[in-house]
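Notes for the one structure printed next.
This structure is a prediction, so every number in the text was calculated from the model and none was measured. Just so we're on the same page: letters track the sequence lines, and every chain starts at 1.
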Number of protein chains: 2
Amino acid sequence: MEPLTKRQAEILALIRKFLAEAGRPPTRAEICEAFGFSSPNAAEEHLRTLARKGAIEMIPGLSRGIRVLKTPRGMDAAEPGLPVVGRVAAGSPILAEENVEERYQVDARLFSPGADYLLRVRGHSMRDAGILNGDLLAVHRTSEATSGQIVVARLDSDVTVKRFQRRGHTVRLLPENPDFEPIEVDLRREPFAIEGIGVGVIRTRPR
Amino acid sequence: MEPLTKRQAEILALIRKFLAEAGRPPTRAEICEAFGFSSPNAAEEHLRTLARKGAIEMIPGLSRGIRVLKTPRGMDAAEPGLPVVGRVAAGSPILAEENVEERYQVDARLFSPGADYLLRVRGHSMRDAGILNGDLLAVHRTSEATSGQIVVARLDSDVTVKRFQRRGHTVRLLPENPDFEPIEVDLRREPFAIEGIGVGVIRTRPR
DNA sequence: CAGGCAACTGTTTGGATATACAGTATTCGG
DNA sequence: CCGAATACTGTATATCCAAACAGTTGCCTG
């Protein structure tokens with residue numbers, strides 16, 4: 001998005017505020033009133049500029065036909081909420097369309113660092129970490145992890161959730177359930193990638 | 001709010017949908033188009049009825065001057081999201097202002113039945129049910145529970161989370177951790193009330 | 001069976017709104 | 001110093017829109 005001048009940013013902020021408080025986009029006249037303009041054309045030209053720069057969309061002929069488009073960062077404001085990723089097809093990117101089951105609107109402030117998606121956990125290997133079969137793991141996308149963190153890892157073509165431990169060329173993926181065995185990966189010989197780190201859990205039904 | 005007829009509920013649903021998808025309230029004409037009406041007066045009369053019944057507000061003279069008012073259950077537009085209840089002061093209602101730490105916007109569709117608030121769980125007595133110290137328990141407000149459900153119960157002036165079991169005049173509150181002892185309550189002699197049932201869990205940091 | 005209500009059709013009107021056109025002042029890069 | 005862009009004033013107008021008025025149909029209730 002092209003950069004906005006200070007005044008243009010003020011206009012955009014007003015549109016957002018109006019939308020949030022009144023539940024409808026402002027008219028040219030209402031923008032004028034808010035800023036003290038005496039001509040509706042002042043508002044009209046600001047709107048045209050904002051539309052040209054990609055900040056808003058104007059629907060011709062409609063009253064209050066203003067739409068605020070995506071926010072500067074976080075390209076995916078068009079699809080609000082966090083995507084729920086189920087079984088990940090072998091070889092496909094984790095957020096590929098085919099893997100997304102649904103989207104849930106969840107407050108970003110809940111997790112830090114912020115969650116990028118929710119992964120539906122299969123199996124009981126993380127039971128003792130309080131992550132049960134069917135739970136949604138809130139995942140922050142990153143390829144870096146430190147020992148002790150819970151990671152979403154990709155092995156060959158399998159995606160798994162385990163506690164991460166690294167020693168030199170060896171990565172150990174530790175389950176949190178004595179019934180399961182740790183996985184050892186030799187980074188020099190086997191494919192391995194971290195898809196993200198666990199930053200939270202959402203369980204949608206009680207146990 | 002006065003009950004709506006089927007048709008009126010459809011109109012209200014359309015307004016909500018329009019608002020969510022287009023980002024602005026519909027005009028009379030747009031309502032007509034959506035339902036196949038050939039007279040704007042059909043929409044006008046529906047809107048008047050909805051306004052009279054308290055479902056919407058109409059601002060006279062303004063184009064698209066429709067506001068959807070609070071929905072029947074606990075989520076009013078003024079205070080969006082679910083309140084987080086921390087330590088509950090003895091004797092005070094669980095949702096009293098002083099007990100609410102914060103509010104988080106969380107998609108209502110996540111839980112069924114719907115969650116009314118989030119209770120911050122203290123202690124480890126429900127560890128084996130995957131509810132850890134510091135977790136947020138999503139609670140559906142009700143005073144009824146069936147055996148086996150996880151309940152938020154009030155004993156004397158203490159609020160606790162346990163698995164519910166009832167036998168005649170006796171209620172047993174079962175922890176999910178062998179280090180803790182079950183609590184027995186004789187309903188004829190001791191104060192006891194169910195505040196709600198657990199419908200989900202949110203953990204905001206990994207373990 | 002009369003009367004009320006829900007759910008429409010059809011028409012009209014004044015005010016609300018978007019939008020074009022004609023100017024003015026200021027700033028800024030070339 | 002000139003042209004372009006920003007940031008406005010002021011005026012005008014076709015169209016959008018809310019809202020009123022006059023009917024119709026079917027259903028339910030007393």
When you check the side-chain N and O atoms of B/T27 and B/R64, is any donor under 3.5 Å from an acceptor? no
Does OP1 or OP2 of C/dG10 have a side-chain N or O of B/S38 closer than 4.0 Å? yes
From the set C/dA18, C/dT19, D/dC21, return the single nucleotide nearest to any side-chain atom of A/M58. C/dT19
Judged by each residue's nearest nucleotide on DNA chain D, which is more toward the 5′ side, B/G65 or A/H46? A/H46
Choose from D/dC17, C/dA7, D/dA7 the nucleotide whose nearest atom is closest to any side-chain atom of B/T27. D/dC17
Residue A/T5, side-chain heavy atoms: nucleotide from C/dT9, D/dA7, D/dA19 that is nearest: D/dA7
Does A/N41 contact D/dT9 through a side-chain donor or acceptor facing the base, at a distance under 3.5 Å? yes
Which of C/dT17, D/dC8, D/dC17 is nearest the side chain of A/R64? It is C/dT17
Atom-pair distance (CG on A/L4; P on D/dA5), nearest Å: 17 Å
Test your reading of the model: is there a side-chain donor-acceptor pair from B/R203 to the backbone of A/G130, 3.5 Å cut-off? yes
For A/A42, is there any backbone N or O sitting under 3.5 Å from a side-chain donor or acceptor partner on A/E45? no
Distance test, side-chain N/O of A/R52 to OP1/OP2 of D/dT6, below 4.0 Å: yes
Rounded to the Å, how far apart are B/L47 CG and D/dA20 C1'? 15 Å
Nearest-nucleotide pick for B/P60, side chain only, options being D/dC17, D/dA19, C/dG10: D/dA19
Need one value for B/E45: base, sugar-phosphate or nothing, where a base atom within 4.0 Å counts as base even if backbone is also close, heavy atoms only. base
Taking CD from A/E44 and C1' from C/dA18, how many angstroms apart are they, rounded to a whole number? 6 Å
N or O in side chain of B/R28 less than 4.0 angstrom from D/dA18 OP1/OP2: yes
Under 4.0 angstrom, heavy atoms only, what part of the nucleic acid is A/T49 near: base, sugar-phosphate, or nothing? nothing
Among C/dA7, C/dT9, C/dT19, which nucleotide has an atom closest to any side-chain atom of B/A42? C/dT9
Can you check the B/L50 CG to C/dA7 C1' distance for me, whole Å? 13 Å
Whole Å only: how far is the CD atom of B/E33 from the P atom of C/dT9? 14 Å
Mind calculating the distance between CD1 (B/I31) and P (D/dC16) to the nearest angstrom? 17 Å
Would you indicate what A/P40 reaches in the nucleic acid, counting non-hydrogen atoms under 4.0 angstrom: base, sugar-phosphate, or nothing? base
From CZ of B/R24 over to C1' of C/dA16, roughly how many Å is that when rounded to an integer? 16 Å
Would a distance-only check, ignoring hydrogens and angles, find a side-chain to backbone donor-acceptor pair under 3.5 Å from B/R166 to B/G168? yes
Without swapping roles, check the side chain of A/S112 against the backbone of A/G114 for a donor-acceptor pair under 3.5 Å. no
Measure the distance from NZ on A/K6 to C1' on C/dT26 and round it to the nearest whole Å. 16 Å
Of the options C/dT17, D/dT9, C/dA20, whose atoms approach the side-chain atoms of A/R48 most closely? C/dA20
Indicate yes or no for a side-chain donor-acceptor contact from A/D135 to the backbone of A/L132 under 3.5 Å, with no hydrogens or angles considered. yes
Does OP1 or OP2 of C/dT17 have a side-chain N or O of B/S63 closer than 4.0 Å? yes
